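Structure first, commentary second.
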Amino acid sequence: LMKKWVAGLCIPALATDPTPEQKAQIEKPMTMNNTGNEKKQVIFTHSAHAKTDCAFCHHKAVEGNIYVGCATKGCHDNMDKKDKSEHGYYFTMHNKKSEKSCMGCHQKAVAENPDLKEKFKGCNPCHAKNS
């Protein structure tokens, strides 16, 4: 079962169109604290990351053999941006010192392929401008 990241939560990606609730969450803008600009929520596209083993980023659920979403209760479920612990969601996604975070992995990709520098510059590749 494919999954898609929507607004920091992992939801099953269905073969059909998103439900109205999912679509509303995807399109809901967020305000970036440091700029005041409105950006779209991050949608993690698994197809763009297909060469990465799921287990590199995801932990398996305690029960069963499935991978859990990052914001699953007990994992990275503290949404306080100041929380720099293993439970801090924002820190987990933006930790430049960890190759398992979005930003850390993108930095590593740029170091290995400098042509990607513009693609991964700033917040826009993940948080697109709200049109």
Side-chain angles (χ1 to χ4, degrees):
L1 177 67
M2 290 290 293
K3 293 187 179 186
K4 184 182 282 188
W5 282 101
V6 178
L9 301 174
C10 191
I11 62 171
L14 307 172
T16 60
D17 291 330
T19 66
E21 293 81 14
Q22 289 170 335
K23 189 170 181 175
Q25 187 65 41
I26 292 167
E27 294 175 354
K28 178 183 171 186
M30 62 188 295
T31 301
M32 306 301 278
N33 288 347
N34 59 342
T35 65
N37 294 332
E38 281 194 343
K39 302 280 186 175
K40 291 184 180 179
Q41 300 284 354
V42 174
I43 298 175
F44 183 87
T45 53
H46 281 81
S47 59
H49 300 85
K51 293 180 181 176
T52 304
D53 181 11
C54 301
F56 182 75
C57 300
H58 288 279
H59 312 282
K60 287 199 177 182
V62 175
E63 293 180 23
N65 195 24
I66 61 168
Y67 294 103
V68 295
C70 295
T72 300
K73 185 174 175 147
C75 202
H76 309 290
D77 57 355
N78 186 341
M79 298 301 159
D80 181 355
K81 289 185 177 183
K82 295 178 183 176
D83 182 359
K84 295 191 185 308
S85 76
E86 66 181 27
H87 292 285
Y89 182 81
Y90 180 87
F91 180 69
T92 301
M93 300 305 128
H94 296 89
N95 183 356
K96 294 179 182 179
K97 294 179 181 178
S98 172
E99 291 178 5
K100 292 187 176 193
S101 79
C102 302
M103 288 187 71
C105 188
H106 287 176
Q107 283 186 323
K108 181 182 178 197
V110 168
E112 293 171 355
N113 182 355
D115 292 339
L116 294 174
K117 185 173 184 174
E118 281 302 310
K119 181 178 180 179
F120 292 142
K121 186 176 182 182
C123 304
N124 287 345
C126 300
H127 295 280
K129 291 180 182 178
N130 194 29
S131 49

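Just so you know, these numbers use all the heavy atoms, side chains as well, and skip hydrogens, waters and symmetry mates. Given the structure is predicted, the values throughout are model-derived calculations rather than measurements.
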Ser98 side chain vs Asn95 backbone, donor-acceptor pair below 3.5 Å: no
How long is the straight-line distance from [atom2] of [Y] back to [atom1] of [X], given to the nearest 0.5 Å?
X      : Y      : atom1 : atom2 : value
His106 : Cys126 : NE2   : SG    : 5.0 Å
Asp83  : Glu86  : CG    : CD    : 9.5 Å
Tyr89  : His94  : OH    : NE2   : 8.5 Å
Met103 : Cys123 : CE    : SG    : 7.0 Å
Lys117 : Gln107 : NZ    : CD    : 11.0 Å
Phe120 : Cys102 : CZ    : SG    : 10.5 Å

Heavy atoms only: give me the nearest [X]-[Y] pair and the separation to one decimal.
X      : Y      : value
Pro114 : Ala111 : CD-O, 4.4 Å
Cys70  : Cys75  : O-CB, 3.6 Å
Ala71  : Asp77  : O-CB, 3.7 Å

Check: Met79 and Tyr90 side chains under 4.5 Å, non-hydrogen atoms: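 Not in contact.
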